[in-house]
Amino acid sequence: MEINNLSLYYTLECGQTFRWRRTSDCSYFGIVEENAFIIRQHGNIFEITSTESDVEEWARRYFALDIDLNNILLEIDRDEHIHKAIKSCRGLHILRQEAWETLASYILSANNNIPNIKRMVENLSQRLGERREIEGYSGFTFPSPSAILKNKDIVNKCRLGFRCDYLIKAAEMIREERIELVKISRLSYEECREELMKIMGVGGKIADCVALFSFGMYEAFPVDVWIRRIIRNLYFSNNKVSNREIRHFAMRYFGRYCGYAQEYLYCHYRLNKPEGITSQTVEQAQGI
DNA sequence: GTCCAGGAGTGAT
DNA sequence: ATCACTCATGGA
């Protein structure tokens, strides 16, 4: 299918999802909900192979192709810093990911790094998810709350550290319907954030990640150590400033699509200056 | 051995 | 409200 202005590299490797693997020929293999996918990009032509029947409909939803990305980027393009990030991460879309997996993954992200988060998510999936295969690649679905609760002993062996209890308590809240993610997704952003923060192990940052990366609430601005550094450096002359102040500043400064500003800044400052990824690799992965 | 990683809970002030 | 401390794990 033809999709304009979508970069698989920036979209799948900017850190919003932990479930995609770049293959040797720079296509991507991943499991999303119940299905396995392989996506190949040649410029603006995307070849999607999947166990899912309607891949075009899936892609429209998952990559949020209904949004007007150019208009969003125009609105957040406030100065030369963000302008540079927008230009360098061309084609980065914020995904609409499944809510439970997103919540669980970001609970595991606390005081953790991306390779280790990926390892933990993969560990859980291998042990408690269902196997899916496509074109010789295989992976596992992310375990449901009930699958996790039926196998707490196995969860305890997944090396989740202090986050293990948080994950199990969150799964209990979901199963007991004390938290209903579908309902929460329909609330206003502020109410949504408040509800998510009732979950043990979910503070403001993780609530914002779920709101942004699952519910498409672009007014959310998650503040992690990297975005904190970036904002402090670019807009506060490295002066002392709290995470709350950073968040309020960014929401006011970038406006209703500040979540996109957050992701472009994060991606630009992390992914475009990576160790181990040469610019050549980047270009290959971009499908140039 | 030390420091850091897409933080959050707890308790003291 | 804001601080300091702690939490388990793996990599540099």
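The figures here come from the full heavy-atom set of this structure, side chains too, leaving out hydrogens, waters and symmetry mates. Order of the sequence lines sets the chain letters (A, B, ...), proteins ahead of strands, with each chain counted from 1.
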Could you check how far [atom1] of [X] sits from [atom2] of [N], rounded to whole Å?
X      : N     : atom1 : atom2 : value
A/F18  : B/dA5 : CZ    : P     : 15 Å
A/I199 : B/dA8 : CD1   : P     : 12 Å
A/Y166 : C/dT6 : OH    : P     : 15 Å
A/I114 : B/dC4 : CD1   : P     : 18 Å
A/M120 : B/dA5 : CE    : P     : 16 Å
A/N112 : B/dG7 : CG    : P     : 8 Å
A/R270 : B/dC4 : CZ    : C1'   : 11 Å
A/K157 : C/dT9 : NZ    : C1'   : 18 Å

Among [options], the nucleotide that comes nearest once only the side chain of [X] is considered:
X      : options              : value
A/R229 : B/dC4, C/dC7, B/dA8  : B/dC4
A/N111 : C/dG10, C/dC3, B/dG7 : B/dG7
A/M200 : B/dG7, B/dG9, C/dG11 : B/dG9
A/R244 : B/dG7, C/dT2, B/dG9  : C/dT2
A/I206 : B/dG9, C/dG10, B/dG7 : B/dG7

Does [X] have its ring centroid less than 6.0 Å away from the ring centroid of [Y]?
X      : Y      : value
A/Y269 : A/Y264 : no
A/F236 : A/F249 : yes
A/Y10  : A/H93  : no

Applying a 4.0 Å non-hydrogen cut-off, can you work out what [X] is touching in the nucleic acid: base, sugar-phosphate, or nothing?
X      : value
A/G201 : sugar-phosphate
A/Y266 : base
A/R163 : base
A/V223 : nothing
A/C158 : nothing

(message) In terms of relative ring orientation, are A/F37 and A/W20 parallel, tilted or perpendicular, with 30° and 60° separating the classes?
(response) tilted

(message) Give me the atom names and distance for the closest heavy-atom approach of A/L69 to A/L92.
(response) CD2-O, 4.0 Å

(message) Less than 4.0 angstrom between a side-chain N/O of A/R119 and OP1 or OP2 of C/dG10, yes or no?
(response) no

(request) On DNA chain B, check which nucleotide each of A/C14 and A/M197 is closest to and give me the residue with the more 5' one. (result) A/C14

(message) Here's a test of your reading of the structure: between A/D224 and A/V202, which maps to the more 5' nucleotide of DNA chain B?
(response) A/D224

(message) Looking at A/E133 and A/R131, is there a salt bridge between them, counting it only when a charged N and a carboxylate O are closer than 4.0 Å?
(response) yes

